[in-house]
Amino acid sequence: MNRIFFSITLFCISFGLLYPFSLSAITIGVASTTIRVSICGDGIVNQGEDCDPPGSGNYSTSIAGRECNSLCEWAPYCGDSVVQTSFGEECDDGNNTSKDFCSAECLAEEIVLNTGGGGGGGGAGIFPGGSFAPPSNSDVTITGKAYPNSTVTILKDGEVIGEVATDSNADFLFTTSGITPGTATFGFWAEDSKGLRSISYTTTFEVIQSAVTTVSGVYLPPTIRVEPRSLDRGDTLTIDGTSVPDAVITAQISGDDEYLETVTAETDGSWELLFDTSPIPNDSYTARASFRRSDTNGLTIESGFGQALSFFVGVDAVPDTGPSDLNLDGRINIVDFSIMLFHWGTDGAGSSPSADINGDGRVNLTDFSIMIFNWTG
C-alpha cells in the first residue's frame, strides 16, 4: 500500500464591492503551504518512514535480519525492546547479546554470580532471565544539626554503620555507599560535651537504585538534664542541656497542666533554665525541650521535643525504676519498650541508659523479660 502526500498551493481572492453595482476595488492575496510528499515503495526513506522499500514484514530473530513491512515500518524483531510473546520471546533488552540475563534470541537466561569472598564460605546468587539485572547499590547522604563539636552515631535498621563529627555550628554531613535499594530506616543519636545523650531520632525513606538519596533536615532535639529530681514546692528546678548555638529553647513541663518556658542557647550550644516551682501543685512532672532558630537565609528551622525526664514536687524521693527505665521518666512502659525494639539485636548503644539491661552485650529476649518483670505501665 502506498502513502502519497501532495503539495498544495491555496489562492484566496476577496472582492470589495461598493453597493449597489460599481466594482470599486479588488484585493488579491496569496497564501501557500507545502505538504511533504512521501511515497512508500520509491526506495527513498523519507521523513515519517522507518525503512523503504517494503519487504515481507516477517518477524526477525535479530536486529540484523529485521524486515520492512508494507507501511515502511520495521516489523517486530528480537532486539526492538518489546517482548513479542506471540513470537516466543521471553525477554527483550534491546540487543542480541547473550549472558546479560536475556539471550541473543530473546530467551531468559539464568546467570550464576559468585558472591563469595576469598577463603571459601561464599554463596552464589541465581538471577532469572529477563530484561533486568540485579539491583545496584546506592549512595545515601544525610545532613542535619546536633550539638557543636560532638559526634553523631548513624544506624541503619538498628545497626551502627558509622560516626560523623559536627562543626562549631552543630552541622553534620554523612555519606555512605553500598546501600541496598528499597525501604530503609536510619537512626541518629549524639552525645554533647556534658556527657548527655540525645534521643534516638529515626526516619524511614526509600533508597533509590543507582542514585544518591539525600536526607536533609535531621535536627536532633536538645539534650536535657533536670536537678534536683525531687524538690519542695517553691524550690528552683534547674533544667539544662545542649542544643544548636543561639537557638531558642522551649522547655515543656507537663503534669496535670502544661507549662512552657523559653531560653536562648549560648554560642557553644549550652542552655540553662531556672524554673520556679511556686505556681505548680505538688505532683509528678516531666520536662523535655525543643529548639527553634532562623538560619542565614532567614528560614526557621526547628526540632521536635526530645527526651522526657521526670521530677517530683512535694514528693520525698524519685521512684527507683532501675535499668529498665530507658527514658528515665520514672516509669517503665511502652516508651521504654519502643526504645528497646529500636535497638533490638544490637549492643544497646544510643539509649540512656543502655537497652542492654543485663549487660551481656546484646539486646534480646532476656532484656525484654527483665523489662516486663519491672513493668509499671
Side-chain angles (χ1 to χ4, degrees), residues 144-153 165-172 188-201 218-255 257-280 283-294 301-315 317-321 325-331 335 339 350-354:
K145 287 184 176 291
Y147 318 116
N149 305 311
S150 63
T151 298
V152 180
T153 299
T166 64
D167 60 17
S168 59
N169 199 38
D171 293 311
F172 70 89
F188 321 89
W189 64 270
E191 185 175 290
D192 66 15
S193 59
K194 302 176 182 179
L196 302 175
R197 282 185 175 181
S198 72
I199 63 167
S200 292
Y201 179 100
V218 176
Y219 304 134
L220 290 179
T223 57
I224 188 171
R225 174 174 55 190
V226 295
E227 292 182 349
R229 299 290 292 275
S230 180
L231 66 167
D232 294 328
R233 184 179 182 184
D235 290 348
T236 298
L237 178 72
T238 300
I239 310 174
D240 71 330
T242 306
S243 187
V244 174
D246 304 315
V248 175
I249 309 301
T250 298
Q252 180 191 68
I253 294 93
S254 301
D257 295 314
E258 183 179 283
Y259 308 87
L260 297 176
E261 300 285 340
T262 60
V263 65
T264 301
E266 302 293 338
T267 56
D268 64 353
S270 62
W271 62 275
E272 181 181 81
L273 174 68
L274 301 179
F275 180 69
D276 181 11
T277 62
S278 298
I280 66 177
D283 204 348
S284 61
Y285 297 88
T286 59
R288 57 182 186 164
S290 66
F291 83 80
R292 183 181 71 256
R293 198 187 83 169
S294 296
I301 61 174
E302 57 185 349
S303 74
F305 282 101
Q307 184 179 27
L309 298 182
S310 62
F311 67 94
F312 301 83
V313 176
V315 179
V318 178
D320 182 11
T321 52
D325 183 13
L326 300 185
N327 69 336
L328 303 177
D329 66 350
R331 299 178 180 85
V335 178
I339 297 172
S351 58
S352 181
S354 172

Query raised in the report: For the side chain of S198 and the backbone of A190, is there at least one donor-acceptor N/O pair under 3.5 Å apart?
Result: yes
Requested in this report: Give the minimum heavy-atom separation between Y147 and P222, together with the two atoms involved.
Outcome: OH-C, 3.9 Å
**Report entry** Validation row: V263, I239 side chains within 4.5 angstrom (heavy atoms)
**Finding:** no
Query - Closest contact, heavy atoms only, I199 versus P221 - result: CD1-CG, 3.9 Å
Query raised in the report: T242 side chain to G269 main-chain N or O, any donor-acceptor pair under 3.5 Å?
Result: no
Query raised in the report: Under a 4.5 Å cut-off applied to non-hydrogen side-chain atoms, are I253 and F311 in contact?
Result: yes
Query raised in the report: Would you say E191 and T153 make side-chain contact, with heavy atoms under 4.5 Å?
Result: no
Report task. Just jot down the side chain to side chain donor-acceptor pair (under 3.5 Å) partners of S290, sequence neighbours excluded, or say none. Result -> none
Query raised in the report: Do I280 and V313 have side chains that get closer than 4.5 Å, going by heavy atoms?
Result: yes
Query raised in the report: Just how far is it from atom OH of Y259 to atom CG of D276, taken to the nearest 0.5 Å?
Result: 11.5 Å
**Report entry** Aromatic ring pairing Y201/F188, orientation class (parallel under 30°, perpendicular over 60°, tilted between)
**Finding:** tilted
Report task. For the residue pair L196 and I224, establish whether any side-chain heavy-atom pair is separated by less than 4.5 Å. Result -> no
**Report entry** Residues that F172 engages under ring pair (Phe, Tyr, Trp, His ring centres under 6.0 Å), provided they are two or more places apart
**Finding:** none
Query raised in the report: If we ignore angles and hydrogens, is there a donor and acceptor under 3.5 Å between the side chains of R229 and S310?
Result: yes
**Report entry** Residue list, side chain to side chain donor-acceptor pair (under 3.5 Å) with Q252, at least two apart or on another chain
**Finding:** E258, R288
Report summary line: dist I249:CD1 -> D240:CG (nearest 0.5 Å) comes out at 11.5 Å
Query raised in the report: D171 and K145: which non-hydrogen atoms are nearest, and at how many Å?
Result: OD1-NZ, 2.6 Å
Query raised in the report: What are the two closest non-hydrogen atoms of G241 and K194, and how far apart are they?
Result: O-NZ, 3.1 Å
Query raised in the report: Can you pull the side chain to side chain donor-acceptor pair (under 3.5 Å) pairs that have at least one residue in residues 260-269, sequence neighbours excluded?
Result: D268-S270
Query raised in the report: Would you say the side chain of D192 lies within less than 4.5 Å of the side chain of S150, judging by non-hydrogen atoms?
Result: no
Query raised in the report: In chain order, what residues pass the side chain to side chain donor-acceptor pair (under 3.5 Å) check against S243, with sequence neighbours excluded?
Result: none
Requested in this report: Mind listing the closest non-hydrogen atom pair of T236 and L274 along with its distance?
Outcome: CG2-CB, 3.9 Å
Query - Side chain S303, main chain F291, donor-acceptor under 3.5 Å - result: yes
Report summary line: When every non-hydrogen atom of L231 is compared with those of P228, the smallest separation belongs to CB-CG, 3.9 Å
**Report entry** With sequence neighbours excluded, residues passing salt bridge (charged side-chain N to carboxylate O under 4.0 Å, His left out) with D167
**Finding:** none
**Report entry** Rounded distance [0.5 Å steps], CG in L237 versus CZ in F312
**Finding:** 12.0 Å
